[in-house]
Each structure stands twice: as C-alpha cells, then as structure tokens.
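When reading the values below, keep in mind they use all heavy atoms of this one structure, side chains included, and skip hydrogens, waters and symmetry mates. Chain letters run A, B, ... following the sequence lines, proteins first and then strands; every chain starts at 1.
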Amino acid sequence: MNGASVLDVYRILSDAYGPQGWWPLLEVRGSQPTATGTLKGYHPGDFSFPRTERQRLEICVGAILTQNTAWPNVEKALLNLERLEALMVTRLLALSDAELEDAVRPSGYFRSKRRKLREWALAHQDWAGRTPSRADLLTVWGIGPETADSIRLYAYGQPEMVVDTYTRRLFAALGWVRETVSYDDLKELCTRELPLDVVVYQEFHALMVEHAKRCYRRQPWRDDLLRDVGGRRGG
DNA sequence: AACCAGGACGTGA
DNA sequence: TCACGTCATGGT
C-alpha cells in the first residue's frame with residue numbers, strides 16, 4: 001500500500017459504504033435507512049437533484065444552517081420553514097426577525113443564522129437565476145469557503161470539492177496533514193488527485209462524512225478500514 | 001452532565 | 001496570516 005493516493009481512499013470508502021446520494025432533502029427521505037443520524041433523506045445513485053428551485057433553495061438554506069451544527073437540528077429548522085411555506089426567497093424575506101429566528105432556533109445560533117439567511121436571500125435575488133461563482137458566494141456575510149463550496153456542489157452541480165472538519169480529521173488520522181491544515185490546502189490536496197467530476201466530488205464528501213461519523217467521534221478512535229493506507233504518503 | 005455538532009466572523013497579535 | 005473567543009440548540 002505504498003504511495004497510497006486520495007483516489008485509493010475514495011475507492012476504499014466507496015466499496016465499504018456504497019453509494020451515498022447527497023444532499024439530504026425533505027421531500028426525498030424515508031426510502032432507505034442511513035447508518036448514522038436520524039435523517040433518512042438520501043437518494044443513493046440518483047444525482048438528478050435538485051429538480052426544483054424549491055429543492056435548490058432548501059440545499060442553500062440547509063448549507064447555512066448546518067454550520068457547526070448537527071443535521072437533525074437543521075432538519076427541525078427546515079421543517080419549520082417548510083411549514084411557514086418559507087422555502088421560497090420572497091417568502092423567506094417576508095418573514096419578520098422574530099418569525100425567522102423562531103423557525104431556525106432548533107439549529108442554534110439563531111440570531112446570526114437569521115442574518116445569514118437574509119443576506120444570502122438578498123444576494124440570491126441579485127444573481128437572478130444565474131449560477132453564483134465561488135467569489136460571488138464568498139462576498140455574502142455568513143458564507144465562508146465550506147458553505148460556498150457546498151452550495152456550488154450540491155445546489156448548483158458545480159465541480160467544487162467540499163472539505164469539512166470530518167475531512168480534516170480523516171486525513172489527519174491518516175497522517176497526511178496536520179489538524180491545523182487550512183481549508184484551501186486541504187481542498188487542493190483532495191482535488192489534485194481526483195477527476196474533476198461532480199458525482200465523484202459529491203460522493204467523496206458524503207463518504208468521508210459517513211466514515212468520520214462512524215469512526216472519528218471525539219474519543220480515541222480506531223480506524224480499521226483505512227489502517228493500511230495511513231502513515232505513508234508517497235510524496 | 002459535560003461534550004460537541006457537516007463554520008464563520010471579529011479581534012488582536 | 002493566525003490564534004482565539006463568540007455564537008446557541010439539542011443529542012449522546
């Protein structure tokens with residue numbers, strides 16, 4: 001297993017867990033159980049999402065709400081917004097501060113997330129149906145590199161690799177990077193050895209989250225799956 | 001009962 | 001640049 005590559009990691013995870021199918025959507029759940037979490041909203045093997053503007057908006061909103069937040073809490077907030085029929089930009093912007101805060105409260109950081117959603121919704125209107133560039137997204141207050149990439153990759157189907165704390169933890173556990181590696185460096189490491197492919201990016205990110213949820217809880221972990229890959233990085 | 005979750009921002013070195 | 005404090009609810 002000398003000179004193992006990122007692609008090897010992808011293959012190992014893919015063989016272990018099978019197709020994932022991200023992003024979770026309220027309308028597309030319940031078909032199959034997932035190994036982790038309470039949400040059963042994945043659509044393995046089906047990459048035709050989002051199919052509607054409503055779904056695209058739900059992904060953008062979810063990407064913002066899930067910042068440093070467990071997904072089940074995000075789902076509660078999304079259900080609140082759905083109940084308010086606020087998964088449309090105009091309706092979202094029509095909510096009062098109190099209404100919006102109450103809706104997103106279960107996902108935590110309710111004040112800042114209220115502002116983040118507003119700022120994003122206004123920018124979204126300005127983009128007028130065009131696909132926002134990464135730079136476009138990064139100008140929005142509350143949208144950082146990971147959220148921008150998540151929106152690009154999952155809401156707009158752009159080949160933008162998403163790396164997150166789980167990704168960082170995984171590659172750190174393999175000994176390929178330090179935990180303090182920057183977002184951009186980690187992203188570059190991932191993309192350099194992967195084909196520029198939306199499906200591959202979506203699956204790889206989802207697989208790393210799935211694996212990390214199983215093995216990299218904040219406790220001494222033991223990684224059996226990737227044991228043979230870690231420790232050496234060809235160079 | 002602490003600990004932490006699919007981050008980002010503001011501040012001060 | 002970079003390290004650190006802050007934001008907040010809910011599950012384990």
Heavy atoms from C-beta onward define the side chain here; which of C/dG10, B/dG7, B/dA5 lies closest to that of A/R169? B/dA5
N or O in side chain of A/K76 less than 4.0 angstrom from C/dG11 OP1/OP2: yes
If the test is side-chain hydrogen bond (donor to acceptor under 3.5 Å, both in side chains), which one of A/Q158, A/H205, A/K187 qualifies with A/D149? A/K187
Would you mind telling me which of B/dG10, B/dG7, C/dA8 lies closest to the side-chain atoms of A/S112? C/dA8
Distances under 3.5 Å between protein N/O atoms and the N/O atoms of nucleotides 11-13 of chain B, please, pair by pair.
none

If you pin A/I143 and A/T66 to their nearest nucleotides in DNA chain B, which one's is more 5'? A/T66
Of all the choices, C/dG11, C/dA8, B/dG7, which nucleotide is nearest to the side chain of A/Q67 once you look at every atom? B/dG7
Verify the contact: side-chain N or O of A/W71 to OP1 or OP2 of C/dT9, cut-off strictly under 4.0 Å; return yes or no. no
Looking at A/R105, does any N or O in its side chain come under 4.0 Å of the phosphate oxygens OP1/OP2 on C/dA8? no
From OH of A/Y109 across to C1' of B/dG7 the rounded distance in Å is 8 Å
Sidechain N-carboxylate O distance under 4.0 Å for A/R111, A/D97: no
Rounding to a whole Å, what distance do you find between A/Y183:OH and B/dC9:C1'? 17 Å
Can you see whether A/Y156 has A/R152 sitting over its ring - NZ or CZ less than 6.0 Å from the centre and within 45° of the normal? no
Would you say A/T147 places a side-chain N or O within less than 4.0 Å of OP1 or OP2 belonging to B/dA8? yes
Quick one: label A/G144 by what it contacts on the DNA or RNA (base, sugar-phosphate, nothing), any heavy atom closer than 4.0 Å. sugar-phosphate
